[in-house]
Structures are given as structure tokens and as C-alpha cells.
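First the structure, in the form of C-alpha cells, and then the observations on it.
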Amino acid sequence: EFHSVLVVVSLIGGLAGSVPNLLYPYFIRQKGWSGPQYRRVQTYDLLFGIVVLILLDLSVWIVAAEVLHPAGMHVRTLDDLAQLFIMVLGRTVGEPLFHAGVLATMATTIIGVATGFGYMCQDNMLKLSGGAEGATTVVLSSQSRRARRRPSRLSKWKNTSPLLTP
């Protein structure tokens, strides 16, 4: 069995050093935040995302420690985590809320990662073929100015749903 500090550091490293972080520059360019004048906005955006993830993660851990530890339970499977929500919120609210959160997390993760990897693949293919420099400008130029100013329903859901999930 591993020491809890090792597990925590590993989880933080896994989140902070994951492959989708390679996609962040593509989303920054998509927002139009290119250049040194946007450095502060980029920093705040990245820090806000990290802080929200850490707070959500810690809140689940704290609730789990408060509820499961006194009961002598351990989280080993996804069903054990669902049991935590059932113990705190009751079966009628906790179980559906947990499963809706898992579904929303999976759906938004798939959409964001698929979009980002699409940008990255297009960028790499254009650079390898000797095409346009900074291929993300090709992705951006295909969008109208109106689409950049007004987010779609899907992008609003993608950006707000992680805040609604447990």
C-alpha cells in the first residue's frame, strides 16, 4: 500500500501534466488571445481552471473522509464513490446526481479533447506538408466574427457543466 502523500502528489502530477495540456495553446488561439498583451488573461484563465479542479477534488476528498472513514468504508470502485453520494444526499438524489455528473464529465471531456486533438492534428499536418505557418490561423479564419463573439449552446454547456458535476 502507498503512502497518502505519494498518492496525492501522483494525482496532482497526473492532472497537471496530462497530455491535453498540449492542447491549451490551440484553445487560447481560438479565443483570439494571441500575443503578449493577453499574457495576463492567459495566466488567469489557466490558474482559474487549476484552482477549480483542485477545489472540486479536495471537496470530494473531504466529504469522503468525513463520511466514509467513520463508517470504515474505502473507495475502491466507482460504485463506492456513488455510495458516498447516497449516504450524504439519500438514494433518490445522490445516486442520480452522481451518475449524471459522471456522464456530463465524460461527455464534456470527449468533446473538448476531440476538438483540441483535431486542431493539433491539423496544425501538424499543415506544418509537415510545408503549408501555412501556424496552422491554427487556418482553423480560426474559417470561423465568422459573429461565431467568435457569441458562443454556441454546446460551448456554453462544455464550459459550465464541469461546475455542475460533483
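The figures here come from the full heavy-atom set of this structure, side chains too, leaving out hydrogens, waters and symmetry mates. All values derive from a computational prediction rather than experimental measurement.
- In this view, Thr77 and Asp79, Asp80 satisfy the side chain to side chain contact (heavy atoms under 4.5 Å, CB included) rule, not counting sequence neighbours.
- With sequence neighbours excluded, the residues that form a side-chain hydrogen bond (donor to acceptor under 3.5 Å, both in side chains) with Glu95 are Arg91.
- For Pro70 against Ala65, the heavy-atom pair with the smallest separation is CD-O, 3.4 Å.
- Taken to the nearest 0.5 Å, the CD1 atom of Ile28 stands 10.0 Å off from the CD atom of Gln30.
- Panel note: side chain Asn124, backbone Met120; a donor-acceptor pair is recorded below 3.5 Å.
- Ile86 belongs to no hydrophobic cluster, as no Ile, Leu, Val, Met, Phe, Trp or Tyr side chain comes under 4.5 Å of its own.
- No side-chain heavy atom of Val41 sits under 4.5 Å from any side-chain heavy atom of Lys31.
- Residues forming a side-chain hydrogen bond (donor to acceptor under 3.5 Å, both in side chains) with Trp33 (at least two apart in sequence, or on another chain): none.
- Pairs passing the salt bridge (charged side-chain N to carboxylate O under 4.0 Å, His left out) check and including a residue from residues 97-106, sequence neighbours excluded, do not occur.
- Note that CG of Leu47 is 9.5 Å distant from CD1 of Ile54, once rounded to the nearest 0.5 Å.
- Taking 4.5 Å as the limit, every side-chain heavy atom of Phe98 sits out of range of all side-chain heavy atoms of Leu84.
- Checked against side chain to side chain contact (heavy atoms under 4.5 Å, CB included), Leu46 has the following partners two or more places apart in sequence or in another chain: Tyr24, Ile50.
- Clustering ILVMFWY residues whenever any of their side-chain heavy atoms sit less than 4.5 angstrom apart, transitively, puts Phe85 in a cluster other than the one holding Ile62.
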